[in-house]
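Heads up, the thing below is written out as structure tokens.
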Amino acid sequence: MNDRVVTRQGTPSSAMPLAPTGTVSAGAAPGRPSVIQLVFREKGALYAAYIPLLTDGGLFVPTAREYKLGEDLYLLLSLPDDPQRYPVAGKVAWITPSNASGGRTQGVGVRFPADEKTRALKQKIEEILGTSISSSKPTQTL
């Protein structure tokens with residue numbers, strides 16, 4: 001993995017939903033949704049992971065862990081040049097397997113929920129990306 005996107009997986013050590021200052025433990029408890037810290041250090045990495053085709057937005061999450069479509073996944077998202085962490089309770093919308101054609105990175109596409117807080121986050125991401133959102137540069141997404 002490159003140094004532009006950092007992920008850390010685990011399960012929450014406190015009750016759901018996660019607060020922006022929530023902690024992550026190393027193990028995964030059966031039946032509990034995964035928590036992934038997703039840190040974007042550069043605008044280009046955010047562009048490569050953002051999924052504008054999903055109505056409420058979403059992100060590609062590089063991971064070797066296997067997920068099922070529709071599975072709940074909690075993200076603790078950090079955006080470039082923003083000290084705040086954003087908790088997102090998403091669902092797996094698509095899966096890129098380890099042996100995907102074209103050398104695509106293994107991981108999952110996470111669909112954002114249709115709520116006001118996440119709509120504001122989608123708008124913030126699109127403001128950060130600006131005109132590059134309509135670029136023809138390849139991404140890790142659909």
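What you see is a predicted model, and the numbers here were worked out from it, not measured in a lab. FYI, side chains are in, hydrogens and waters are out, and symmetry mates aren't considered; it's all heavy atoms of this structure.
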Exercise. Can you name the residues that form a side-chain contact (heavy atoms from CB on, under 4.5 Å) with Ala100, not counting sequence neighbours?
Worked result: Thr96, Pro97, Arg104
Problem set entry | side chain to side chain contact (heavy atoms under 4.5 Å, CB included) between Thr55 and Phe112, intermediate numbers included | CA-CA 9 Å; Thr55 303; Phe112 291 170; over 6 Å; no
Problem set entry | Closest approach of Phe40 to Ala45 (non-hydrogen atoms, all atoms of both residues) | CE2-O, 3.5 Å
For this session: Answer whether the closest heavy-atom distance between the side chains of Phe60 and Thr105 falls below 4.5 Å.
Result: yes
For this session: Determine whether Leu38 and Leu76 make a side-chain contact, defined as any pair of heavy atoms from C-beta on separated by less than 4.5 Å.
Result: no
Problem set entry | Gap separating the CD1 atom of Ile95 from the CG atom of Leu69, nearest 0.5 angstrom | 4.5 Å
Exercise. By side-chain contact (heavy atoms from CB on, under 4.5 Å), which residues pair with Glu66, not counting sequence neighbours?
Worked result: none
For this session: Kindly compute the distance separating CG (Leu77) from CZ (Arg85), expressed to the nearest 0.5 Å.
Result: 10.5 Å
For this session: For the residue pair Tyr67 and Ser34, confirm or rule out a side-chain donor-acceptor distance under 3.5 Å.
Result: yes
For this session: Measure the CD1-OG1 distance between Ile36 and Thr63 for me, rounded to the nearest 0.5 Å.
Result: 5.0 Å
Problem set entry | Side-chain (Lys122) to main-chain (Pro52) donor-acceptor, under 3.5 angstrom | no
For this session: Grab the two heavy atoms, one from Gly90 and one from Pro113, that are nearest each other, plus how far apart they are.
Result: CA-CD, 4.4 Å
For this session: Please identify each residue that fulfils salt bridge (Lys or Arg N to Asp or Glu O under 4.0 Å) with Asp115, with sequence neighbours left out.
Result: none
For this session: With sequence neighbours excluded, tell me which residues meet salt bridge (Lys or Arg N to Asp or Glu O under 4.0 Å) with Glu127.
Result: none
For this session: Would you list the pairs meeting salt bridge (charged side-chain N to carboxylate O under 4.0 Å, His left out) in which at least one residue belongs to residues 69-83, sequence neighbours left out?
Result: Asp72-Lys91, Asp82-Lys124
Problem set entry | Within-4.5 Å side-chain heavy-atom neighbours: Leu75 and Pro87 | no
Seminar exercise, completed: Rounded to the nearest 0.5 Å, the OH atom of Tyr86 sits from the CG atom of Leu121 at a distance of 7.0 Å
For this session: With rounding to the nearest 0.5 Å, note down the distance linking OG in Ser98 to CD in Gln106.
Result: 4.5 Å
Problem set entry | Partner residues of Ala93 under the side-chain contact (heavy atoms from CB on, under 4.5 Å) criterion, sequence neighbours left out | Leu54, Arg111
For this session: Answer yes if the side chains of Glu126 and Tyr50 hold a donor-acceptor pair under 3.5 Å, and no otherwise.
Result: yes
Exercise. About how many Å separate NZ of Lys43 and CD1 of Ile128, when rounded to the nearest 0.5 Å?
Worked result: 9.0 Å
For this session: Check the pair Val88 / Leu73 against side chain to side chain contact (heavy atoms under 4.5 Å, CB included), numbers first and verdict last.
Result: CA-CA 8 Å; Val88 177; Leu73 200 131; over 6 Å; no
For this session: For residues Trp94 and Ile51, determine if any side-chain heavy atom of one lies less than 4.5 Å from a side-chain heavy atom of the other.
Result: yes
